[in-house]
2 protein chains.
Amino acid sequence: MGSRSTVKRADALRSIDAIVTAAAECLGENPEASLSEIARSAGVGRVTLYAHFASRAELVDAAMSRAIDRGNQALDAVDLTGDPLLALARYVEAGWHLVDQARALLVAAQRELPPGRIRELHSGPAARVETLIARGRAEGAFRTDLPIAWLVNVLHSIMHSAADEIRAGRLTSEHAADHITATVLAAFTPPGKPVPEPDAGA
Amino acid sequence: MGSRSTVKRADALRSIDAIVTAAAECLGENPEASLSEIARSAGVGRVTLYAHFASRAELVDAAMSRAIDRGNQALDAVDLTGDPLLALARYVEAGWHLVDQARALLVAAQRELPPGRIRELHSGPAARVETLIARGRAEGAFRTDLPIAWLVNVLHSIMHSAADEIRAGRLTSEHAADHITATVLAAFTPPGKPVPEPDAGA
DNA sequence: AATAAGTCGAACAGCACTGTTTGGCTTATG
DNA sequence: CATAAGCCAAACAGTGCTGTTCGACTTATT
């Protein structure tokens, strides 16, 4: 689905880009932002917006897809090989930031998009973490007494909550990554084994 | 604030109760539930609802307050003395259930109520956990390298995420408490000390 | 320069919700 | 049993959004 006609004109592409950007921005601040607001913020008429996106859902989907794409690109640059503990730390360092930005956008997506679509969009990042955790388990670094899906969930939920804490002013972005890594590494440690000390990396 | 006139009549009290109950129920399923829906579900006219609650916010506040009260009562029955690890396990056992029920209600509250009010309502349960964690730290059972507020946050955010997982069908309420406790106990373990094995309690 | 594509403001219709009023009815309570 | 308190349906006004249509204007493309 998409380009019905042969090709889009340059200014149309520019408009579309501005709209999606503005959508990500507005919905990021307020998940209930109206299409009028978004159009205004994009420096574009409301009608133009409807000319490119048939419904609110379609726009939210586009904004979310772009955010995920950007995130995937950023995550591609992260080295997830070597010591699973350090790899996980690197992942957190790069990832919590993305989660922070996409936070409210996700809220909007959860309201407007069917749940299956959300999971579909998240499948990329999720797979990355899953394989990392699986490897860590195979090497004895991570616990095997809890399902992988649960561990993935714990990681993301802690990153999300850190984002909330920052917004509430109870946590500085300075310490966020450290706190998340310290917490998650401990949570992933197999029962009976000692919790890793922070001195290792950096 | 509350009863302006001398006393409320019995049927009025019954209506109010039915409304608040229905509100908790409806908002628990859908945070955007309209006042009409709630009134209908309460078996009461829309006008009656407005007779008792001046605004939507007022009703949400009432529903949330009651849920918190109930939660506090349930938590009062939990023994938080003795081994901090076991005490925390008992807290989770009793608490995750409450979080599960109040989950969507909280979402509604976050939209309608000022953030300060939310924190105020949560101060009861929060204080409970805080003192438990503080005691566990003093006894060397919990880590001291992360702020207490962060640990409290981790606990609640994991309980919340478990509730989400259950609703998504990826986790059974059977295993929820076990997973949460296993995760949180590990996350709270001081660096260098071994993660507690699950065989202990039960 | 011709034309198809794109943009825009204004205005329309439709919807759902909030909050209020009116007037008649039922019921708790003294 | 009298009456004040409470209940309710219907109807109203007001708001803010979505999605569409229209006609005039501008701009990219060939």
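Naming convention: chains lettered A, B, ... in sequence-line order (proteins, then strands); numbering from 1 in each chain.
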Spacing of B:F53 atom CZ relative to D:dG6 atom C1', expressed in whole Å: 15 Å
Test: B:R103 and B:D164 ion pair at under 4.0 Å: yes
Given D:dC17, C:dG19, D:dG6, the nucleotide with the shortest approach to the side chain of B:A12: D:dG6
Whole-Å distance separating the CD1 atom of A:I38 from the C1' atom of D:dT18: 13 Å
Nucleotide C:dT26, atom P - distance to CZ of B:R14 in whole Å: 16 Å
D:dT29 phosphate, OP1 or OP2, under 4.0 Å from A:R9 side-chain N/O: no
Sidechain-backbone polar pair: B:R90 side chain, B:D79 backbone, donor-acceptor under 3.5 Å: yes
Separation of atom OH in A:Y50 from atom P in C:dC12, rounded to whole Å: 18 Å
Interatomic distance, B:L13 CG vs D:dA5 C1' [rounded to whole Å]: 12 Å
Other residues, nucleotides, ligands: >12 heavy atoms within 6.0 Å of B:R119 CZ: no
Distance in angstrom units between A:L35 CG and D:dG19 P, rounded: 7 Å
Whole-Å gap separating P (C:dT7) and NZ (A:K8): 9 Å
Integer-rounded Å distance: C:dT20 C1' and B:R56 CZ: 18 Å
More than 12 heavy atoms of other groups within 6.0 Å of B:H156 NE2: yes
Candidate nucleotides C:dC17, D:dA9, D:dA28, ranked by approach to the side chain of B:V47 - the nearest: D:dA9
D:dG16 OP1/OP2 closer than 4.0 Å to side-chain N/O of A:S36: no
Intermediate values then yes/no, side-chain hydrogen bond (donor to acceptor under 3.5 Å, both in side chains), B:S65 and B:D61: CA-CA 6 Å; B:S65 298; B:D61 193 306; 3.0 Å; yes
Quiz item: A:R46 side-chain donor-acceptor pair to D:dG19 base, under 3.5 Å: yes
Under 4.0 angstrom between A:H52 side-chain N/O and C:dT7 OP1 or OP2: yes
Whichever of B:A57 and A:D11 has its nearest DNA chain C nucleotide further upstream toward 5': A:D11
